S.K.: 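The structure's right below; bear with me while I get my questions together.
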2 protein chains.
Amino acid sequence: MSQGSTTEGARARARAEVTAAIKDEARRRLAAEGAAKLSLRAVARALGMVSSALYRYFPSRDDLLTALIIDAYDSLGERAEAADARSADAGPLGRWTAVAEAVREWALEHPHEYALIYGSPVPGYSAPATTVPPASRVGLVLLGILRDAHRSGALTTPPVPAALLPEAERMAAELAPDLPPASAAALVAAWAQLFGLVGFELFGQFHRLVEDRVTFFRHAAARLARGAGLD
Amino acid sequence: MSQGSTTEGARARARAEVTAAIKDEARRRLAAEGAAKLSLRAVARALGMVSSALYRYFPSRDDLLTALIIDAYDSLGERAEAADARSADAGPLGRWTAVAEAVREWALEHPHEYALIYGSPVPGYSAPATTVPPASRVGLVLLGILRDAHRSGALTTPPVPAALLPEAERMAAELAPDLPPASAAALVAAWAQLFGLVGFELFGQFHRLVEDRVTFFRHAAARLARGAGLD
DNA sequence: CACATTCGAGAGCACTGCTCTTGCTTTGCC
DNA sequence: GGCAAAGCAAGAGCAGTGCTCTCGAATGTG
């Protein structure tokens, strides 16, 4: 065990390198032709190894996809967090739109990865629990903005009908006990709606319908923020 | 040509029947295991024919998928139109939420078909122009509600920043010259956001986050309507 | 009735995910 | 330093896929 960390580390490092190379190549092929056409054999071929060797690193194609999914969530989450940090002094609404635009831009740059995480789930595949934290990052950024706004008194509480109150209280307790229940519920809705805008643009539903997409999105995202209580 | 329609119709009818049987079986398998795992061979096998015979009816797997896509859009569109008609005297907001809930219910009943039309697009595949009219039906229903509201003076025009005005005017000219530009732009945004809510629920993003989904959705859809100028 | 068109069946190609066995190399312990 | 053990790549092989082609047989049309 004295020098065990280096010797054992050598093996582990080699393994980590090959694993990373596989993921890199897989990501490249994913970007090139989408998740549905991602082939283990093609990845192995590009790496100069035989397909069966790849199973030493990923027990199945779905496990490779899971790794790519986690990476995609992390990549997007990082981008959103960076955009938020960069506009820390732009006020709640400025931060919100900055994050929203960062999400949109990331999606446009990585359409296949976006489709992988926010598009149709793979039939037999169900995401393992390890994907949950990375998947929450964008939501947590938006939540942080609302929380800061609330702390500084810049958050107006949206109206909430009596029927929704119990659910809103449950949501607030779950994800932000310091926020008014109505704000928590409004945030979740705005969060989903934000990705509706991004997805529709990305998946071609805006074809010939929205032309100036940057302006349209910016305005829609800002209205979403106001709907969640920011201004 | 005197009796041509019956004799020629015999062959054509047989062909139409087989085509329908293929689509039916394909739809069944689609609902069972999703588009990604939809196999021509499995469909053929279930129908007691050999895979190559299927190519007499659909030149490729993608063409079969296109047929299913059109059917799905039509099925959803019909449902939305029916919901709208059923609540014709519920006022604009009542019609809107009825349509929104119909869309949600259809999606929950046909998750794989929903994923087919609003989820990740198939990699190489690009939807032919024939899918456009069926794909527009839900949007046209929502547009009709706004148009009626506008005619009866029940539509408030949402605020629109100067930067968005040209685009809003273009959109209004394109899809509803009788509507105020701001309303047209707000409608498109609300439309996309509505499907964001549905998609997030269907694709599992609301897992452990939203429990009382009917109430949550109803409230969010109603707020969407108000954002588009209805109340 | 004879012809031409349509159709189903089968074989086959190139590809996929995945499993299993066979050796080789590296590693960690005695 | 030597040796057993573990890790690893390679290859063969299985069952399945989309799709093409050819070859008879059925079928509706002139």
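Chain identifiers are assigned alphabetically (A, B, ...) following the order of the sequence lines, protein sequences preceding nucleic acid strands; residue numbering begins at 1 within each chain. Predicted, not measured: the structure shown is a model, and the values here were computed from it.
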S.K.: Which atom pair, heavy atoms only, marks the closest approach of A/L30 to A/L38?
M.R.: N-CD1, 4.4 Å

S.K.: Write down the atom of A/R147, the atom of A/L175, and the distance for their closest heavy-atom approach.
M.R.: NH2-O, 3.6 Å

S.K.: Given C/dG10, C/dC18, D/dC19, which nucleotide is nearest the side-chain atoms of A/Y55?
M.R.: C/dC18

S.K.: From C/dA9, D/dC8, D/dT17, pick the nucleotide closest to the side chain of B/S52?
M.R.: C/dA9

S.K.: Can you see if the side chain of A/Y57 gets near the phosphate of D/dA9 - specifically, an N or O under 4.0 Å from OP1 or OP2?
M.R.: yes

S.K.: Using the side-chain heavy atoms of B/R56, tell me which of these nucleotides is nearest: D/dC8, D/dC19, C/dG8.
M.R.: C/dG8

S.K.: Hey, does A/L38 reach any base, or is it just sugar-phosphate, or nothing, if we go heavy atoms under 4.0 Å?
M.R.: sugar-phosphate

S.K.: Quick one: do A/R79 and A/E109 make a salt bridge, cutoff under 4.0 Å?
M.R.: yes

S.K.: So what does A/L47 hit on the nucleic acid, given a heavy-atom distance under 4.0 Å: a base, only sugar-phosphate, or nothing?
M.R.: nothing

S.K.: For D/dG18 and B/S60 - does any side-chain N or O of the residue sit under 4.0 Å from the phosphate oxygens OP1/OP2?
M.R.: no

S.K.: NA contact type, B/F58, heavy-atom cut-off 4.0 Å: base, sugar-phosphate, or nothing?
M.R.: nothing

S.K.: With nearest nucleotides of DNA chain C determined for B/S51 and B/R15 from heavy-atom distances, which residue corresponds to the more 5′ nucleotide?
M.R.: B/R15

S.K.: Side chain of A/R41 only, please: which of D/dC8, D/dC23, C/dG17 is the nearest?
M.R.: C/dG17

S.K.: Using heavy atoms to find the nearest nucleotide of DNA chain D for A/G48 and B/R45 separately, return the residue whose nucleotide is more 5′.
M.R.: A/G48

S.K.: Compute the centroid of each ring, for B/Y118 and then for A/F203, and state whether the two points are separated by less than 6.0 Å.
M.R.: no

